[in-house]
Chemist: 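This is the structure I have questions about; it appears just below.
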Amino acid sequence: MEYANQISEMINVFSPEPLKIDQMDEFYCNKTMEYRMSDKYNSPMEDIFDVCQEAGRGTAFLLLGHKGCGKSTELNRLSTELEEKGYRVKTIVCSMDLDLLNIVYSDLFILMGEALLQIAEECGCEIDTKILAEIADFWDEGTMIATSVEQEAISVEAGMSGQTPKILGNLLSVFAKLKADLKYNEETRLEYRKQISKRSSEWMRLLGDVSEEIQRQSNGKMPIIIFEDLDKLNPDDAWKVFYHYAAILSGMPFPIIYTFPIGLSYDTKFSALEAYFETKTLPMIKIETIEGEPYSDGINVIREIVEKRTNLHLFEENVLEKLIRYTGGSLRDLFHAINTSAKRAERRKSEVISMEDADKALEELKTSLTRRIEEKDYDFLINIYKGNKERIGDKQILLKMLQASVVLEYNGRRWHNVHPLVVKFFKEQGMIENVGE
């Protein structure tokens, strides 16, 4: 990704992908936390960073936040800072490795094993061959896996008298097959899950043994694993993964960070999870006060995020301000709108994004948002817009609206607002007085 000085370059710069580690120095804006938290000394990411460095502490975190609020970028930044301190960090992007519509807790344990072995291989750790042999035996005993990964299993056994790098390479080939079958092969997927379920304590011990070897050879620094995209799970699947298996998922001797759907924090069951996990929330960047006045500091920091990526002269006057205003602090929605606007401007052979380009992009985004709500939801949303931003009576509808990104949550005082494009829809329908538009 390169800084955009012309319209054609903006399409790549404002893709929905989070910033990668090697892009942080050029494109990351480090001023957002104060305008998310309403306190420059309060940061959920710094809290996680501090706990991860506490010796001998294997804490599990749930990181909550709206889709598109910048969690992935902040997690990549956290990973960079931890690695600079000498920690070994591995991020697992669950949407790439698993079927998020068919997921159980044991799937995460399998990916956890692969991540630890990858860390060991990358940092050149000498893992006791007895531990590696036990891992190979675990997957080769009493399941269909002996057939499905026969060649890899044989090569692992044959290499036991060799060096750790060779054995790790063979084991990682086994895990590559495990992972592919987890996503695409229903029959073997059930076998893998059954194996973990029957012998979960044994698998947890093996993961702990590998992590201890890494820690011992990394000056006492524990490996750290981050699970991305679990905040995209639908509510039923999220509870299925976390609620009944909280003790297991939080029981590893090294730090683990799981993303988690923000709407579920309003469910009464969430308090049970807080007994097992440290929960942190990354709010949206606030662009409006709870009283409905523009919040210039938040608007300015989002403008700065955009300016880190592109020359602002590529926007006609007031266009960027309108895009920021109507996307409510959601960086994902803003980037989508800029990307769509830039494509239209390029097709017009224009050198700048016009107000018409922006309006068309916002209209497309508004249509997408309003498809997610039903007429029976209108009164609930209008009630929030008209001032009931902190006390929400129907938590089930709120959960649904947060999940759909139709309602956005802001911090400082924890409060909510309806997405500005949904408000625009209500005004166009005559359900809200159209003042100042």
Side-chain angles (χ1 to χ4, degrees), residues 44 60-72 75 92-109 111 182-183 189 193 226-250 256-284 328 330 332-333 368-381 383-384 391-411 414-419 422:
F61 300 89
L62 295 183
L63 179 63
L64 289 69
H66 285 283
K67 301 169 192 172
C69 72
K71 286 190 306 300
S72 297
L75 284 169
I92 299 168
V93 182
C94 294
S95 60
M96 292 180 61
D97 294 334
L98 299 173
D99 177 359
L100 291 183
L101 297 177
N102 187 340
I103 182 174
V104 299
Y105 87 95
S106 56
D107 299 347
L108 305 185
F109 264 54
L111 297 186
L182 268 184
K183 190 167 186 177
R189 176 195 296 158
R193 291 171 174 176
I226 299 170
F227 280 97
E228 271 270 41
D229 285 347
L230 294 176
D231 56 308
K232 296 176 182 175
L233 292 174
N234 66 52
D236 289 342
D237 287 336
W239 289 130
K240 181 175 69 175
V241 170
F242 284 96
Y243 189 70
H244 297 293
Y245 302 101
I248 295 175
L249 291 174
S250 64
I256 305 179
I257 303 163
Y258 303 97
T259 52
F260 191 79
I262 188 170
L264 298 190
S265 64
Y266 289 89
D267 193 298
T268 54
K269 291 190 288 189
F270 186 73
S271 60
L273 295 184
E274 292 181 297
Y276 294 94
F277 300 92
E278 283 206 21
T279 62
K280 300 293 177 181
T281 300
L282 184 69
M284 308 295 287
S330 168
R332 180 194 60 179
D333 286 353
S368 174
L369 287 166
T370 53
R371 282 198 190 109
R372 305 171 196 172
I373 59 176
E374 304 173 72
E375 190 170 349
K376 65 182 181 180
D377 303 321
Y378 291 177
D379 287 344
F380 175 83
L381 295 169
N383 187 41
I384 292 176
R391 298 179 62 184
I392 308 292
D394 194 325
K395 296 296 179 67
Q396 285 304 310
I397 297 182
L398 177 63
L399 190 158
K400 174 186 170 185
M401 295 297 100
L402 286 168
Q403 192 76 10
S405 299
V406 170
V407 169
L408 306 175
E409 181 183 297
Y410 302 93
N411 245 18
R414 192 178 193 188
W415 60 280
H416 308 85
N417 214 350
V418 181
H419 195 294
V422 177

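Along the sequence shown, residues carry numbers from 1. Atom set for the values below is all heavy atoms of this structure, side chains included, hydrogens, waters and symmetry mates excluded.
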Chemist: Taking side chain as C-beta onward, heavy atoms only, is Leu230 less than 4.5 Å from Leu108?
Modeler: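 Yes, close enough: below the 4.5 Å cut-off.
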
Chemist: Output the distance between atom CZ (Phe260) and atom CG (Leu62), rounded to the nearest 0.5 Å.
Modeler: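 The CZ atom of Phe260 sits 6.0 Å away from the CG atom of Leu62.
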
Chemist: Go through Phe242 and Leu264 one step at a time and tell me if the side-chain contact (heavy atoms from CB on, under 4.5 Å) criterion holds.
Modeler: CA-CA 11 Å; Phe242 284 96; Leu264 298 190; over 6 Å; no

Chemist: For Arg193, give me all partners under salt bridge (Lys or Arg N to Asp or Glu O under 4.0 Å), at least two apart in sequence or on another chain.
Modeler: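 Partners of Arg193 by the salt bridge (Lys or Arg N to Asp or Glu O under 4.0 Å) criterion, ordered by chain and then number, come out as Asp107.
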
Chemist: To the nearest 0.5 Å, tell me how far Ile92 CD1 sits from Ile257 CD1.
Modeler: 11.5 Å

Chemist: Let me confirm one number: the CZ-CG distance from Arg189 to Asp99, rounded to the nearest 0.5 Å.
Modeler: 6.0 Å

Chemist: More than 12 heavy atoms of other residues, nucleotides or ligands under 6.0 Å from NZ of Lys240: yes or no?
Modeler: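 Yes.
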
Chemist: Considering non-hydrogen atoms only, spot the tightest contact between Leu249 and Ala60 and give its length.
Modeler: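 For Leu249 versus Ala60, the nearest heavy atoms are O-CB, 4.2 Å.
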
Chemist: Just wondering, do Val407 and Leu398 contact through their side chains at under 4.5 Å, heavy atoms?
Modeler: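 SC-SC contact between Leu398 and Val407 confirmed.
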
Chemist: Got a sec, which residues hit ring pair (Phe, Tyr, Trp, His ring centres under 6.0 Å) with Tyr245, two or more places apart in sequence or on another chain?
Modeler: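 Per chain and number, Tyr245 pairs via ring pair (Phe, Tyr, Trp, His ring centres under 6.0 Å) with Tyr105.
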
Chemist: If I compare all heavy atoms of Lys67 with all of Arg332, which pair ends up nearest, and what's the gap?
Modeler: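 Where Lys67 meets Arg332 most closely, the heavy atoms are CB-NH1, 3.4 Å.
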
Chemist: Would Ile262 and Gln403 satisfy side-chain contact (heavy atoms from CB on, under 4.5 Å), going step by step from the backbone distance to the final call?
Modeler: CA-CA 8 Å; Ile262 188 170; Gln403 192 76 10; over 6 Å; no

Chemist: Let me see the working for Glu409 and Tyr266 under side-chain contact (heavy atoms from CB on, under 4.5 Å), right down to the final yes or no.
Modeler: CA-CA 12 Å; Glu409 181 183 297; Tyr266 289 89; 2.5 Å; yes

Chemist: Who pairs with His419 by side-chain hydrogen bond (donor to acceptor under 3.5 Å, both in side chains), at least two apart in sequence or on another chain?
Modeler: Asp333

Chemist: Looking at residues at least two apart in the chain, or sitting in another chain, which of them share a ring pair (Phe, Tyr, Trp, His ring centres under 6.0 Å) with Tyr276?
Modeler: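 None.
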
Chemist: Looking at Arg372 and Ala404, what are the two nearest heavy atoms and their distance?
Modeler: NH1-O, 2.6 Å

Chemist: Which heavy-atom pair separates Leu381 from Val422 by the least distance, and what is that distance?
Modeler: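 Closest approach of Leu381 to Val422: CD1-CG1, 4.4 Å.
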
Chemist: Find out whether Thr281 and Pro44 are in side-chain contact, i.e. whether some heavy atom of one side chain is under 4.5 Å from a heavy atom of the other.
Modeler: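 Side-chain contact under 4.5 Å: no.
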
Chemist: Give, for atom CD1 of Ile397 and atom CD1 of Ile373, the distance between the pair rounded to the nearest 0.5 Å.
Modeler: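 Answer rounded to 0.5 Å: 11.5 Å.
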
Chemist: Is there side-chain contact between Leu402 and His66, with at least one heavy-atom pair below 4.5 Å?
Modeler: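 Yes, close enough: below the 4.5 Å cut-off.
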
Chemist: If you take all heavy atoms of Asp231 and Gly65, which pair is closest and at what distance?
Modeler: OD2-O, 4.3 Å

Chemist: Is Leu233 close to Trp239 at the side-chain level, that is, under 4.5 Å between some pair of heavy atoms?
Modeler: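 Sidechains of Leu233 and Trp239: no contact.
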
Chemist: Show the nearest heavy-atom pair for residues Asp377 and Met401, with the distance to one decimal.
Modeler: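 It is OD2-CE, 3.7 Å.
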
Chemist: Is there a side-chain contact between Leu100 and Asp237 in this structure, where contact means two heavy atoms from C-beta onward sitting under 4.5 Å apart?
Modeler: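 With C-beta onward as the side chain, the pair stays apart.
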
Chemist: Got Phe270 and Leu64 here, is their nearest side-chain heavy-atom distance under 4.5 Å?
Modeler: yes

Chemist: Please enumerate all residues that pass ring pair (Phe, Tyr, Trp, His ring centres under 6.0 Å) together with Phe227, with sequence neighbours excluded.
Modeler: Tyr258

Chemist: Determine yes or no for a side-chain-to-main-chain donor-acceptor pair under 3.5 angstrom, with Thr259 supplying the side chain and Leu63 the backbone.
Modeler: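 Absent.
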
Chemist: Can you find a pair of side-chain heavy atoms, one from Met284 and one from Ser330, that are under 4.5 Å apart?
Modeler: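 Result yes, sub-4.5 Å side-chain heavy-atom pair found.
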
Chemist: Enumerate the residue pairs fulfilling salt bridge (Lys or Arg N to Asp or Glu O under 4.0 Å) with a member in residues 268-278, sequence neighbours excluded, ordered by first and then second residue.
Modeler: Arg57-Glu278

Chemist: For Lys183 and Met96, indicate whether the former's side chain and the latter's backbone hold a donor-acceptor pair under 3.5 Å.
Modeler: yes

Chemist: Run the side-chain contact (heavy atoms from CB on, under 4.5 Å) check on Leu182 and Asp97 step by step: do they pass?
Modeler: CA-CA 8 Å; Leu182 268 184; Asp97 294 334; over 6 Å; no

